[in-house]
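First the structure, in the form of structure tokens, and then the observations on it.
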Amino acid sequence: MTGYSLRAATTADIDAFARVIRAAFNVTGEPDPTDSIRTVLDPSRYTLAEFDGQIVGTAGIFTRDLAVPGAVIPAAHVTGVSVAATHTRKGLLRRMMTEQLTTAPEAIAVLWASEGRIYQRFGYGLASQNVSIRADRRELSIRGAAGTGTLRAAVPSEVIKELSEVYRRVLAEQPGWSSRDDAWWAHLTSDPEKQREGFTATRAVLYENEAGAVEGYTRYRVRNEWDDNGPKGEVNVVELVAATPDAAAALWRFLFGVDLTRTVVKGLSSVDEPIFHLVDEPRRLGGKVGDGLWVRIVDLPRALTSRRYAAPVDVVLDVTDALLPANAGRWRLRVGAGGALVNCSPTDAPADLSCDVLELGAAYLGGTKLGALAATGRVQEHRPGAVAAASTAFGWHVTPVSIEIF
């Protein structure tokens, strides 16, 4: 394409490519040089599209690990994908996404999709769902007796050590969660007043067991509101992380009891969020399901051998991949007893199942069933029983979810 070229970004490009991203996502105002997001981005992992020396497209990656069934592995966290409105329909998005995927060292890539139809074109499959909750707390109560632990109020930025220890403990068992180093914790607990949108500063409450060990925490904000009938404030739950059932119940009980509030709101929840099983009337939680993480397998044999499986399986997969042809072909996936001893190698054996790499990405975190995809025709069975065996093996006992948008 005459006049168009791709290159990696540098630190000097941050303001310029931030303007392109903000314009594409209809965000007003100039980029903020004090925004804490700058402390966690690596400009060298941004692919830029230029037209006659002007940046007109971006596609970035955060370098982080991702919890997958039975492991925590490096994953390209794709972000900031945008093309200037005056340069769309030029093939720039495909060029940037192809460059990104063919050069990424990670075995998988993961993203939140502004529009799912865009990223399915590049082999991303819907791998998790998220649930948003909007509950009238007056209509609900937490079942069961209170635990024996205690709650402690804190400022999030002052208890990062405690927060990170609990988070790291739960991360290993929760597919879909992303790793957080010190820079990410500083970014996530940054709380400038201009970004509060009428809410209080973010608060933290820690749950400590009888021995004084922190087993869970919540970060939340409150919006003060009144009408002629009295207080009607809102509790906005930023996140709730619990390593034990007692911690989960105690923290939810606290959030549903904040004085002068009537509504509890939480996004980015799992379809298996404990609160659905703690309250006496779950319908009153107002749960609404939406799409969550989209996963793209970049290096098929490395990706499939990096996670663990729920059951033994021996299956030949015939895979298509128009963008990354090294993934295409027939692969024999063998998983031993206990879901370990995983091997994935090329084979000339007849296929048991056939699908596109997109379907394997959708199933990768254990939340989307191959059986469900087979029911739509997107996975084809060539040996009776192969779908049931593979669907069981790819599943997992914990539903995947991501609790932050990157």
Side-chain angles (χ1 to χ4, degrees), residues 128-154 156 163 166-167 169-171 173-177 199-200 202-210 214-227 229-292 366-367 396-405:
S128 76
Q129 295 177 307
N130 83 83
V131 177
S132 59
I133 293 167
R134 188 174 189 86
D136 184 339
R137 72 177 187 87
R138 295 170 296 182
E139 298 290 335
L140 295 161
S141 61
I142 306 294
R143 300 167 60 240
T148 57
T150 58
L151 299 176
R152 172 162 60 98
L163 303 185
V166 174
Y167 184 88
R169 178 178 169 185
V170 178
L171 166 71
E173 302 296 332
Q174 179 55 70
W177 285 21
F199 285 86
T200 62
T202 304
R203 304 165 178 176
V205 167
L206 285 64
Y207 176 85
E208 299 174 328
N209 64 20
E210 290 179 294
V214 178
E215 294 185 338
Y217 70 84
T218 184
R219 293 191 292 132
Y220 71 100
R221 306 177 293 177
V222 179
R223 182 168 59 198
N224 185 36
E225 189 174 351
W226 295 68
D227 62 18
N229 297 317
K232 48 180 289 188
E234 176 180 305
V235 176
N236 181 272
V237 185
V238 178
E239 67 180 17
L240 189 154
V241 176
T244 64
D246 279 353
L251 291 167
W252 276 114
R253 185 175 279 109
F254 166 79
L255 292 166
F256 274 78
V258 176
D259 287 341
L260 305 182
T261 66
R262 297 293 179 263
T263 307
V264 177
V265 176
K266 184 180 185 297
L268 306 180
S269 300
S270 168
V271 295
D272 285 339
E273 189 75 37
I275 190 61
F276 288 107
H277 308 285
L278 287 170
V279 297
D280 56 353
E281 189 55 75
R283 189 181 304 171
R284 292 291 188 174
L285 290 169
K288 181 179 179 181
V289 179
D291 59 303
W396 202 243
H397 63 282
V398 178
T399 302
V401 70
S402 178
I403 61 172
E404 63 178 274
I405 296 177

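The figures that follow rest on heavy atoms only: side chains count, while hydrogens, waters and symmetry mates do not.
Residues Gln174 and Thr399 approach most closely at NE2-O, 2.9 Å, considering heavy atoms. Of all non-hydrogen atoms in Gly287 and Val131, the two that sit nearest each other are CA-CG1, 4.1 Å. Annotation for Val170 and Ala242: closest pair CG2-O, 3.7 Å, computed over non-hydrogen atoms. Minimum heavy-atom separation, Arg219 to Pro156: CD-CB, 4.0 Å. Between Arg262 and Lys232, the closest heavy-atom pair is CG-CA, 3.5 Å. Contact record, Val264 with Leu255: CG2-O, 3.7 Å, taken as the closest heavy-atom pair.
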With side-chain contact (heavy atoms from CB on, under 4.5 Å) as the test, would you mind laying out the steps for Val279 and Arg284 before giving the verdict?
CA-CA 9 Å; Val279 297; Arg284 292 291 188 174; over 6 Å; no
Can you check side-chain contact (heavy atoms from CB on, under 4.5 Å) on Val241 and Trp177, steps first, answer last?
CA-CA 11 Å; Val241 176; Trp177 285 21; 3.9 Å; yes
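Listed for the Arg137 side chain is a donor-acceptor partner under 3.5 Å among the backbone atoms of Phe256. The main-chain N or O of Ser270 is found under 3.5 Å from a side-chain atom of Glu273 such that the two form a donor-acceptor pair. In terms of modelled atom types and a separation under 3.5 Å, the side chain of Asn236 and the main chain of Arg221 share no donor-acceptor contact. Under the 3.5 Å distance criterion, the side-chain polar atoms of Asn130 are matched with a main-chain donor or acceptor of Asp291. Distance alone, capped at 3.5 Å, is enough to place a donor-acceptor pair between the Tyr207 side chain and the Gly149 backbone.
To the nearest 0.5 Å, the span separating CG on Leu278 from CZ on Arg253 amounts to 8.0 Å. Separation of atoms CD (Glu139) and CG (Leu285) is listed at 11.5 Å; rounding is to 0.5 Å. Expressed to the nearest 0.5 Å, how far CZ of Arg169 lies from CD of Glu215 amounts to 6.0 Å. Note that CG of Leu251 and CD1 of Ile142 are 10.5 Å apart. Values are rounded to the nearest 0.5 Å. Once rounded to the nearest 0.5 Å, the distance linking CG of Asp136 with OG1 of Thr263 reads 6.0 Å. Here the straight-line distance linking atom CD of Glu239 with atom OG1 of Thr218 works out to 7.5 Å at 0.5 Å rounding.
Between Tyr167 and Ile403 there is a side-chain heavy-atom pair separated by less than 4.5 Å.
Between Phe254 and Tyr220, the angle of the ring planes goes over 60°, which puts this pair in the perpendicular group of the 30/60° scheme.
With salt bridges taken as basic N to acidic carboxylate O contacts below 4.0 Å, one links Glu234 and Arg134.
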